[in-house]
Amino acid sequence: MTIQVKFFASMRDLMGDDQSISRDIVEQQGIQTVDDVWTYCAQGKEKPSNVLIAVNMDYVDGQTQVKAGDEVAFFPPVTGG
Amino acid sequence: MTIQVKFFASMRDLMGDDQSISRDIVEQQGIQTVDDVWTYCAQGKEKPSNVLIAVNMDYVDGQTQVKAGDEVAFFPPVTGG
Amino acid sequence: MHIAINSEPFDPWQVLNDYQNEKSELQGKYGATAVFVGTMRDFNEGDDVSEMFLEHYPGMTEHHLENICSQATGEHQLLDSLVVHRVGVIQPNDPIVLVAVWTAHRKQAFEACREIMEDLKSKAPFWKKEQLNDGQNRWVGKNTKGY
Amino acid sequence: MHIAINSEPFDPWQVLNDYQNEKSELQGKYGATAVFVGTMRDFNEGDDVSEMFLEHYPGMTEHHLENICSQATGEHQLLDSLVVHRVGVIQPNDPIVLVAVWTAHRKQAFEACREIMEDLKSKAPFWKKEQLNDGQNRWVGKNTKGY
């Protein structure tokens, strides 16, 4: 089982991988919260203070627990409309 | 020279003359204000408290002076839109 | 800025389409369009309404609608505005009034459109007479509050 | 209630015309329609903008637009609501977003249309990247305040 992680817009640019908006990480690496997911993926990059986070498409904060099968997304303030 | 007087909607019905929305009154009859115009035209009917009044298409109150050539209109609260 | 009093039915979406297409100078300049359409219902105050007659005061109505739009244009930096209002015999589901404004930003558009509509409701000389299903007819006494 | 994400240009007036014509059950019941259209300008924050790319989060975007419209429907007694939003490459003067609501009375229509639009601006996952005339491009940092 895996956790699917997505980065959108400038957050994807920040992660330095312009092509991929989605990556799967395996579960058994001490990842318990959304912040752990960020730390695992970000390779030392600090989480921007204005980042927005969704788990399974609902807004959450960094302390939210994640589990196998979850979809975790990081993105900047929204600018639609 | 005359003053043209118009009644609209329920105010025209009140005046008991359903066909005519406009009548001219001659000036020299002691008519100085909009209220005098009402009194002259209304044949004893009391002016309703919610009546709206326009002279030359701008809103005024009953004490407004009228002069030859003016167009005076009486109508109920507006209900457009 | 355009004001129209229509004695014939009008299609608000067609009117907006035509009006905007003619305004080539606006293209790329407006970011926000707010629109209100008032439509005749087939009921009012608990009664079924079969038809309506809308009277106005020719001249004064146009004069006040122009004043209302001019004031909103100054207060809310409108790039353009449009008001169309039906008069005469009106059937249920007929559009009665269309108010549209074009601005750079949405705040001004929302506020101006609503203000124009409220001013129209309280100041523009129109009067509605309803024909009820039971054959009676009645003048509408006053407009409902908009805030 | 209808939500659409369009990757192709759309004509808001045509969309409204088609949508309303299909809704025969609404006829005679709604007295008020409030509409907002957001359109791409050819300038932003002092710079000329030649093109825009609009990204979204498929699934989450639709989910949140549905939540927003459902909440407004309950709060403002909406008879119906419609949201259409463009994604992909957008040119100046292209419509970006359409919000429309139908109600019995105008107060609810004005308030619901604006609230849906503000909620969309603050919660729906869309992101704009502007291509400037000088060849540079930039993500838009945040939306302007709507109140």
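Below, read A as the first sequence line, B as the second, and so on, with proteins coming before strands; counting in each chain starts at 1. Owing to the predicted nature of the structure, the values given are computational and were not obtained by experimental measurement. These values consider heavy atoms only, across backbone and side chains, with no hydrogens, waters or symmetry-generated copies.
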Heavy-atom pair of closest approach, residues P77(A) and G141(D) | CB-O, 3.9 Å

Do other residues, nucleotides or ligands put more than 12 heavy atoms under 6.0 Å from E25(D) CD?
-> yes

Heavy atoms only: give me the nearest H64(D)-M57(A) pair and the separation to one decimal.
-> NE2-O, 3.1 Å

Which distance, rounded to the nearest 0.5 Å, do you find between the OH of Y59(A) and the NZ of K123(D)?
-> 9.0 Å

Side chain, backbone, both or neither: which part of S122(D) has a heavy atom under 4.5 Å from chain A?
-> backbone

Decide if atom NZ of K45(A) counts as having more than 12 heavy atoms of other residues, nucleotides or ligands within a radius under 6.0 Å.
-> yes

Hey, what do you get for NZ (K6(A)) to CE (M60(D)), rounding to the nearest 0.5 Å?
-> 11.0 Å

Can you name the nearest heavy-atom pair linking A9(A) to E55(D), along with the distance?
-> N-OE2, 3.2 Å

Which atoms form the tightest heavy-atom contact between T79(A) and V140(D), and what is the distance?
-> CG2-O, 3.3 Å

Side-chain (H85(D)) to main-chain (G81(A)) donor-acceptor, under 3.5 angstrom = yes

To the nearest 0.5 Å, atom OG of S10(A) lies from atom CZ of R138(D) at 14.0 Å

Nearest heavy-atom approach of K129(D) to D13(A) is NZ-OD2, 4.0 Å

Close aromatic pair by centroid cut-off 6.0 Å: H56(D) and F8(A) | no

Report yes if some heavy atom in the side chain of H63(D) is under 4.5 Å from a heavy atom in the side chain of D58(A); otherwise report no.
-> yes

Do W127(D) and P76(A) come close enough that some side-chain heavy atom pair is under 4.5 Å?
-> yes

